[in-house]
Amino acid sequence: AYCNMCTYAASYHEGRGGCKHYVLERVASCAPKFHAIATEVVQQRKKSLVLVSRGSGYRAMLDIMRQAAAAARPAFEVASIEQLAEFNAPDNLRGERLLCLVADAAQCSE
């Protein structure tokens with residue numbers, strides 16, 4: 001698996017021994033690839049799909065993207081696979097409601 005974070009993806013949680021808060025407070029240094037993706041989506045403001053496998057940090061990428069979206073001006077929403085129909089809906093053609101979809105690469109690849 002590719003190294004997307006400074007920690008093992010399975011340790012990304014809020015429980016005992018988890019590193020979720022640590023990573024989210026230091027995204028640029030702990031997850032530079034995810035930080036670059038989030039920054040690009042925020043700057044380009046184009047409807048985007050981000051595919052990350054669960055073993056490579058899917059949950060972290062989703063949280064990082066949502067954190068970046070909330071801090072963006074204007075803020076925007078980020079969808080997960082559960083919102084695929086809403087993301088692809090005709091009234092969201094150019095990301096008017098949901099600008100980015102973060103999905104598990106194994107679940108959404110061709």
Side-chain angles (χ1 to χ4, degrees):
Y2 293 101
C3 182
N4 293 322
M5 296 189 302
C6 65
T7 62
Y8 182 59
S11 67
Y12 182 82
H13 57 82
E14 294 177 340
R16 184 172 171 221
C19 64
K20 180 177 179 175
H21 294 293
Y22 182 84
V23 171
L24 289 177
E25 289 174 359
R26 299 163 184 84
V27 175
S29 61
C30 288
K33 293 177 185 178
F34 291 163
H35 180 259
I37 293 166
T39 300
E40 190 71 16
V41 171
V42 168
Q43 289 176 350
Q44 294 295 319
R45 302 297 276 203
K46 292 182 181 177
K47 192 173 180 183
S48 306
L49 169 65
V50 178
L51 295 174
V52 181
S53 71
R54 290 205 182 269
S56 295
Y58 160 77
R59 185 70 227 180
M61 182 67 236
L62 182 59
D63 290 343
I64 290 166
M65 195 66 242
R66 286 182 171 160
Q67 181 174 281
R73 294 296 168 246
F76 59 89
E77 290 187 51
V78 176
S80 62
I81 192 63
E82 291 80 21
Q83 298 164 295
L84 179 62
E86 295 170 51
F87 183 75
N88 287 331
D91 64 337
N92 193 53
L93 187 63
R94 294 195 174 33
E96 293 86 349
R97 291 184 304 107
L98 296 166
L99 187 65
C100 181
L101 171 69
V102 178
D104 177 16
Q107 190 176 8
C108 294
S109 61
E110 293 184 58

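Here, residue 1 is the first one in the sequence, and each next residue gets the next number.
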Set out, in order, the CA-CA distance, both residues' side-chain angles and the distance that settles side chain to side chain contact (heavy atoms under 4.5 Å, CB included) for F34 and V23, then state yes or no.
CA-CA 11 Å; F34 291 163; V23 171; over 6 Å; no

Rounded to the nearest 0.5 Å, what separates atom [atom1] in [X] from atom [atom2] in [Y]?
{"X": "H35", "Y": "Q67", "atom1": "NE2", "atom2": "CD", "answer": "9.0 Å"}
{"X": "E96", "Y": "K47", "atom1": "CD", "atom2": "NZ", "answer": "7.5 Å"}
{"X": "T39", "Y": "M65", "atom1": "OG1", "atom2": "CE", "answer": "8.5 Å"}
{"X": "E25", "Y": "K20", "atom1": "CD", "atom2": "NZ", "answer": "12.0 Å"}
{"X": "T7", "Y": "N4", "atom1": "OG1", "atom2": "CG", "answer": "10.5 Å"}

Looking only at atom types and distance, does a side-chain atom of S11 sit under 3.5 Å from a main-chain N or O of Y8, one as donor and one as acceptor?
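Yes, S11 side chain to Y8 backbone: donor-acceptor pair under 3.5 Å.
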
Closer than 3.5 angstrom, by distance alone: can the side chain of E40 be matched with the main-chain N or O of I37 as a donor-acceptor pair?
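Absent.
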
Find out whether R66 and S80 are in side-chain contact, i.e. whether some heavy atom of one side chain is under 4.5 Å from a heavy atom of the other.
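Yes - at least one pair of side-chain heavy atoms lies under 4.5 Å apart.
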
Does any part of the side chain of E86, heavy atoms only, come nearer than 4.5 Å to the side chain of N92, both counted from C-beta?
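Of all side-chain heavy-atom pairs linking E86 with N92, none is under 4.5 Å.
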
Going by side-chain heavy atoms closer than 4.5 Å, which hydrophobic residues are tied to L93, directly or by a chain of links?
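Same cluster as L93: nobody, lone residue.
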
For I81, which fellow cluster members are found when Ile, Leu, Val, Met, Phe, Trp and Tyr are connected by side-chain heavy-atom distances below 4.5 angstrom, either directly or through intermediates?
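The other cluster members (ILVMFWY side chains, heavy atoms under 4.5 Å, direct or chained) are L49, L51, L84, F87, L98, L101.
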
Side chain to side chain contact (heavy atoms under 4.5 Å, CB included), paired with D104, selected from R54, M61, R59
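When side chain to side chain contact (heavy atoms under 4.5 Å, CB included) is applied between D104 and each of R54, M61, R59, only R54 qualifies.
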
I need the single residue from V50, V78, V102, V27 that forms a side chain to side chain contact (heavy atoms under 4.5 Å, CB included) with I64. Which is it?
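With I64 as partner, V50, V78, V102, V27 yield a single side chain to side chain contact (heavy atoms under 4.5 Å, CB included), made by V27.
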
Looking at residues at least two apart in the chain, or sitting in another chain, which of them share a salt bridge (charged side-chain N to carboxylate O under 4.0 Å, His left out) with E82?
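Residues passing salt bridge (charged side-chain N to carboxylate O under 4.0 Å, His left out) with E82: none at all.
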
